[in-house]
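Worksheet for the structure shown next.
Ligands are counted one by one from 1 in listed order, and the atoms in each one are counted from 1 as well.
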Amino acid sequence: EITTIENSLKELEELAKAAGAKVINTIIQNKQKIDSAFYIGKGKVEEIKILCDELDANLVIFNDELSGAQIRNLEESIERTIIDRTTLILDIFAQRAQSKEGKLQVELAQLQYRLPRLVGLGKSLSRTGAGIGTRGPGEKKLELDRRHILNRITDIKCQLKEIKKNREIQRKQRKKNEIPVVALVGYTNAGKSTLMNKLISKTGSLQEDKEVYVEDMLFATLDTAHRKIALPSKEEFILIDTVGFVSKLPHALVEAFKATLEEVEYADLLLHVVDATNQDYEMQMKVTNKVLGELNVKDKRMILVFNKIDKIENIHIPSGEDIIHISALEEIGIDRLLCKIKEKIFADMKKAILLLP
Ligand code: GDP
């Protein structure tokens, strides 16, 4: 999906930044065969070691998944903390998770990812890469033996089941009250959190929750956030923000985070937010639509929201019946969007009321 190595590395750099690391160098290895012991060639290992000494780097991130043995071998040779792409993403998730469920899901994913790699994780080197790759369950827990980790996994699964049951009850309650649900979906950085905050401040959220965390970083939205919104004409709906999609989401994470997207299945309307300034926006729309397809919600009512039009110059973006162009930041087109939302979710309801005796 991300075609060039440059784009893939650029995304890795964004991820590293999101985790709190400062990227000081990027190295590309042109090698056909992956070394089972070191992932990269011996010469490259030497080169990285020297570079780390020169640049005073304390962390090396690989843009792939590494085995436990590879991590141990690399750490012994390079004498730095080594982490792979999945561990990096898990670390970001661990930092951003807000709800109890989100935290448990991240911990579960981390433990499941570490378990088969335990054998390789050396105890000789303290993992000090600015904490990256060691957050979440905590460094101490790394030393727990397999049995303890397995116990913890069982425990987490049990707790998650309980939370899921409660959520089901809440959802039924909501259905009974017949408050429509509108879900924001889209690629990371499309502007979902910004739009959510704008809608809240413009219409007045009915709850006194704090604003959704917004940052120019990937994964600023990890947990599903709910707000009750009232339209100027008094109709109410629940607005939910969802985790941003990303291309090449590591397999280990897909299952763990599907639960966060479950909310989408119960939505009455989807707002698919697209960053119209991103040159890859068509690919990003495809990724999002693919995930929506997997969740079996492709046939849901949807408004395509092209965002960031304040920054667009001469770029042709599609328009049409269910397409709205907005700037969440500069508050352009928000009224039109609210109108469209109203039309989409309340039009049917109005008719039904008129038919009542
Ligand atoms: P999310 O990952 O989809 O929730 O995206 P965010 O809401 O966190 O926004 C990502 C970045 O895009 C932030 O730096 C926002 O300030 C920026 N952004 C969001 N909406 C707009 C917009 O309408 N115009 C411009 N220029 N930037 C925007």
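Near Thr194, with a cut-off below 4.0 Å to any heavy atom, the atoms of ligand 1 are 6 (P), 7 (O), 9 (O), 15 (C), 19 (C), 20 (N). Close contacts of ligand 1 with Ser327, meaning ligand atoms under 4.0 Å from a residue heavy atom, involve 22 (C), 23 (O), 24 (N). Heavy-atom contacts of Ala190 reach the following atoms of ligand 1: 3 (O), 5 (O) (cutoff under 4.0 Å). Against a heavy-atom cut-off of under 4.0 Å, Lys311 is close to the following atoms of ligand 1: 26 (N). Against a heavy-atom cut-off of under 4.0 Å, Asp310 is close to the following atoms of ligand 1: 22 (C), 23 (O), 24 (N), 25 (C), 26 (N).
Gln110 contributes atom CD, which lies 13.0 Å from atom CG of Leu115 (distance to the nearest 0.5 angstrom).
A donor-acceptor contact closer than 3.5 angstrom is absent between the side chains of Asn58 and Arg80. A donor-acceptor pair shorter than 3.5 Å can be found between the side chains of Asp84 and Tyr113. With no hydrogens or angles considered, a side-chain donor-acceptor pair links Tyr39 and Asp64 at under 3.5 Å. A side-chain donor-acceptor contact under 3.5 Å links Ser233 and Lys342.
Nearest-heavy-atom check against atom 10 (C) of ligand 1 across Asn189, Val274, Ile332, Asp275 picks out Asn189. Nearest residue to atom 18 (N) of ligand 1 from Met196, Lys198, Lys308, Lys192 is Lys308 (criterion: closest heavy atom).
The shortest N/O to N/O separation between Ile309 and ligand 1 does not fall below 3.5 Å. Considering backbone and side-chain N/O of Leu195, none are found under 3.5 Å from N/O of ligand 1. At a 3.5 angstrom cut-off on N or O pairs, Ala328 counts as close to ligand 1.
When heavy-atom distances to ligand 1 are checked against a 4.0 Å cut-off, Asn307 comes that close only through its side chain, counted from C-beta outward.
Judged by the shortest distance from any of its heavy atoms, Gly186 lies outside the 4.0 Å radius around the atoms of ligand 1.
Here Asp322 does not pair with Arg301 in a salt bridge; the nearest charged N to carboxylate O distance is not below 4.0 Å. Remark: Lys344 does not engage Asp268 in a salt bridge, criterion side-chain N to carboxylate O under 4.0 Å.
Across all their heavy atoms, Leu51 and Ile27 have their closest contact at CD2-CD1, 3.6 Å.
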